[in-house]
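Predicted model, so just to flag it, every value in this text is computed and none were measured. Numbered from 1 within each chain, the chains take letters A, B, ... in sequence-line order.
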Amino acid sequence: MKEFIFDLKNDGGWKVKIYLKGEKDTILFDEFAPYFYLKTPNLGIKKEIETMPEVAGVEEVVKKEENKTIRVLKILTKSPGDVIKLRKDLAELGEPREADIPYAFRYLIDRNIKPMMWYDVKGSEFKDTKQEKHVLKACAFDIEVNNKRGPAVDPKKDEVLVIGYADDKKVRSFYWHEGKSNEKEIILDFLNEVKKKDPDVIIGYNSAGFDVPYLKKRSTVLGIDFDLSRDGSGIIIKPTMMGHRADFFGRLHLDAFDGVSFLSSIGAMNLPKNELEAVYKEMFGKEKIDINTAMLWKMWEEGGKQRETVIEYNKQDTIAAFEIGKEFLPLFIELSKITGIPIYEVSRMSTSQMIEWMLVREAFKQNILVPNTPSEEEVKHRMMRPIKGAYVKTPKEGLHEKIVVCDFRSLYPSLIITYNIDKTTLTNDCSNAFKSPAGHCFSKEKQGLLPKLLKELVETRAKIKKEMKKLKPGTREYKALHYRQWALKIIANSAYGYLGYARAKWYCREAAESVTAWGREYVQETAKKAEEEGFEVIYGDTDSIFIKLGEKTKEDAFKFIEKVNKNLPKGMELEFQGYYKRGLFVTKREGGAAKKKYALIREDGTVEIKGFELVRRDWSKIARETQEKVIKAVLEEGEPEKAVKIVKETIQALRNHEIKTEDLIIYTQVRRAVNKYEQQAPHVKAAKKLINVGFKVKAGSVLEYVIVKGRGSISDRAIPIQLLKENQEYDEEYYINNQVLPAAMKILRELGVKETNLKYKGTQEGLTKWF
DNA sequence: ATGGGTCGGGG
DNA sequence: GTGTACGACCCAT
């Protein structure tokens, strides 16, 4: 029967529990022995190890390490957990190896099978078969809870007010109706709705960090069994370094926030805040209602229209989470199929970790003994010695017109493949090797693990791109291929990062250094050629150069690109990236080095901004909005006059106290018990003020505060909005000097505008002193 | 300057 | 899971 692995977990002993989907859903229990290796000079200890109670058997096996053949002990254990114990107990007798590979991963690697790939499954035999499409049923949910006691909501005390549910056909709201239903019933109704739908995927937004753990704990208080699994095995919530993970067997818990974080981490999404409202707008261009969540309980208590607004807000959040989650699902499916890592794991993993698991798979195929993950000490040591990075040409500061940007297509992956750059090919013997500008040699004799992997990724992607050209954009087939090529691109582009990733098993400083050294050479060489051709090069970064056309035309630029390409090695290519009518370039003052900081405007008026964003939510809306307006005005006008006017008007409005409180709120989270802070930061003091009047503030609460006028430090004057009195005056000087001006000056400084020109009223004086 | 502390989403 | 992020920014020194 044609099936694919949708979920799997350790089921105790030597058993893997696998959720198979296909024509019908089945659960397969497959036998698999947990094991690890011991590299030891004394293979004779085999007999002694065999007598240990956790050991099920010991074999002497041959493995490859650093191109040599070695003999190691393969130790089979009675249960997966025994590996942890034994790797500690046996550390004195040798070096435990491959003892940190999760049981389910080990199973998938050793059986050479991947989740979401279709197989002809007979018993526990998996035979490759033609790929079919996945039909997965999805739904989303979102909860609102009573936050009357303050921002620290507690499932032991604060009731669930609304649960929103959405799938592709239906949207429902479960909420309190006095006299009609109670809290227990709305949770049961929600569970019932999920049971009826029997979804494969349950989507939420920060649902692993909040909604699922909250509902589970709240249900315990109410005496309900809150279970979303398909086999009654419950919900497993595990605290992690940051937030939680929440699993239920047989269904995928897709936290759309993980998807957003992932896209942010690879630079595919760049929002100041990854909050649902902003993400939804960015991805779908649609607005949704937003309420001040600190006031949610009040709106609820007021009833009538106010309560309806809360229900509508919840409904829209649920729909937004559903739509966002559905966008990520095909990407994660493809990443899972490529890497062989289950979807939930892949959705929470960095690209370096994905590369690592793919290398582990490749090493297994080649019978190579996998290197151990470095110790924390070694990680620190690696991080202390940064790798010399890419070439960044100090930009010619200020405004420029008529700019052509060209870049090398997949520069780093091309270099790794072309020069066989890898930990496993690094050699002192430079006779039959590529020698990098950094002075390291990489053997030509045998293809390295990473170059092999990368070549496959790049070639597969090229094939897919070719197939896509035959298809109509927008069709289902086209979309499926689009996600596959995207996933391949994401992984290929992170190969360089892996070489310099301090926690990597195949970390190789020399390799990483060589990639950037070759990269610098190609980019600098190209920039030089451009100047020889009479272009002015105003900026260059990693794999791109920005050239100013001046008296030349776009066609001249195309001819130049063609000329460069004639002299590049096979697999490398310079491409035209875009044309911009104007651009603002900045040299980051801090640290002295030139950094990625520019804003460009296209002919159609759209703006591309790099490096300016005020990314954190502890900047007020007024500061962020002013900065955005300033950038746009400068690029549109080509001079700072309009931007200066905008800033001055904002400052005047602040002085006149015309700015809404909403635009002044600074959001910061307290991450621990408030009395455990050493530094009395504004949000800590704000939290203390709340506690003093009886609000509960716990680790995890987000403080919303405004800096008001009065005595003492900024922290002393940070007032949580719950305690803000009507007509209480905000500290306009703080908002001018610590928020609006720093934000605006990040841009205007580059155009010679002085802070004093913006601050004081004399407009005429200011305008004459720009340059 | 540098290094240690803190943050992120949700209500 | 046989595992525990990470990069940006703050303040204090």
Side-chain angles (χ1 to χ4, degrees), chain A residues 8-10 16 34-36 77 79-88 96 98-107 142-155 158 160-162 204-214 236 238-245 247 255-258 260-261 264-265 273-276 278-279 291-297 300 310 313-314 317 321 341-342 344-345 348-350 352-353 356-357 373 376 383 501-503 590-592 613-619 667-672 677-684 700-702 715:
Chain A
L8 80 169
K9 69 183 244 195
N10 162 15
V16 191
Y35 72 90
F36 68 104
T77 65
S79 82
D82 293 333
V83 173
I84 304 173
K85 186 172 182 299
L86 285 172
R87 76 172 177 213
K88 281 183 203 139
E98 308 197 15
D100 57 354
I101 299 172
Y103 181 63
F105 284 24
R106 181 87 267 179
Y107 171 82
D142 179 46
I143 66 169
E144 313 303 325
V145 308
N146 191 332
N147 57 347
K148 188 176 185 172
R149 296 180 316 104
V153 290
D154 179 353
D158 304 312
V160 176
L161 301 175
V162 203
Y205 198 82
N206 195 28
S207 44
F210 183 74
D211 303 62
V212 175
Y214 199 95
I236 296 154
K238 287 231 170 89
T240 61
M241 286 288 277
M242 188 8 219
H244 298 80
R245 59 171 284 152
D247 294 75
D255 188 337
F257 175 63
D258 291 333
V260 173
S261 310
S264 305
S265 75
K273 294 189 280 176
N274 290 335
E275 59 185 9
L276 183 54
V279 170
I291 61 167
N292 179 358
T293 47
M295 292 298 144
L296 191 141
W297 64 274
W300 188 263
V310 173
Y313 163 75
N314 170 264
D317 271 9
I341 298 156
Y344 190 60
E345 282 69 21
R348 305 169 65 90
M349 204 175 257
S350 73
S352 283
Q353 286 169 303
E356 181 135 293
W357 285 115
T373 300
E376 276 307 303
M383 287 198 291
Y501 170 54
R503 304 192 122 81
E590 311 94 64
E613 289 87 351
L614 295 170
V615 286
R616 294 164 62 98
R617 67 180 177 188
D618 42 13
W619 284 91
Y667 300 79
T668 318
Q669 184 180 56
V670 283
R671 301 299 299 261
R672 54 174 82 165
Y677 278 92
E678 287 167 29
Q679 293 178 18
Q680 298 301 306
H683 69 294
V684 177
S701 309
V702 175
S715 293

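Residues passing the salt bridge (charged side-chain N to carboxylate O under 4.0 Å, His left out) test with A:E275 are A:K273, sequence neighbours excluded. Taking the side chain to side chain contact (heavy atoms under 4.5 Å, CB included) definition, one finds that A:D100 meets it with A:R87, A:T373, A:K505, sequence neighbours left out. Scanning for side chain to side chain donor-acceptor pair (under 3.5 Å) contacts around A:D158 gives A:R149, with sequence neighbours left out. Among residues two or more places apart in sequence or in another chain, the salt bridge (charged side-chain N to carboxylate O under 4.0 Å, His left out) test is passed with A:E98 by A:R106.
Contacts of A:L161 with the nucleic acid, taken as non-hydrogen atoms under 4.0 Å apart, are absent. At the heavy-atom level, A:Y107 lies nowhere under 4.0 Å from the strands shown. A:D100 comes within 4.0 angstrom of a nucleotide base, judged by non-hydrogen atoms across all strands. Using a 4.0 Å heavy-atom distance criterion, A:D142 is classed as a sugar-phosphate-only contact. Nucleic acid contact for A:Y35: base, since at least one base atom lies under 4.0 Å from a heavy atom of the residue. Residue contacts shown for A:F105 include a base, since a base heavy atom lies under 4.0 Å away. Using a 4.0 Å heavy-atom criterion, one finds that A:A99 contacts the bases of the nucleic acid, with or without backbone contacts as well. When heavy atoms are screened at a 4.0 angstrom cut-off, A:I84 is found touching the sugar-phosphate backbone but no base atom.
Scanning residues 143-150 of chain A for heavy-atom distances under 4.0 Å to DNA chain B yields A:I143, A:E144, A:V145.
A heavy-atom distance below 4.5 Å is found between the side chains of A:Y313 and A:T293.
Checking C:dT2, B:dG11, B:dG10 against the side-chain heavy atoms of A:D317 singles out B:dG11 as nearest. Across B:dG11, C:dT2, B:dG10, the shortest atom-to-atom separation from the side chain of A:P80 is found for C:dT2. Across B:dG9, C:dT2, B:dG11, the shortest atom-to-atom separation from the side chain of A:E275 is found for B:dG9.
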Exercise for the section: Verify side-chain contact (heavy atoms from CB on, under 4.5 Å) between A:F210 and A:I143, making sure each step is shown before the conclusion. Expected result: CA-CA 9 Å; A:F210 183 74; A:I143 66 169; 4.0 Å; yes
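When rounded to the nearest whole Å, the span between OH of A:Y313 and C1' of B:dG10 equals 8 Å. Separating the OH atom of A:Y103 from the C1' atom of C:dT2 is a distance of 11 Å, rounded to the nearest angstrom.
The phosphate of B:dT6 (OP1 or OP2) has no side-chain N or O of A:H683 nearer than 4.0 angstrom.
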Polar-atom pairs under 3.5 Å, protein N or O versus N or O of nucleotides 4-6 of chain C: list them with distances, or write none.
unit_1: C:dA5; atom_1: OP1; unit_2: A:R503; atom_2: NH2; d: 3.0
unit_1: C:dC6; atom_1: OP1; unit_2: A:Y501; atom_2: OH; d: 2.8

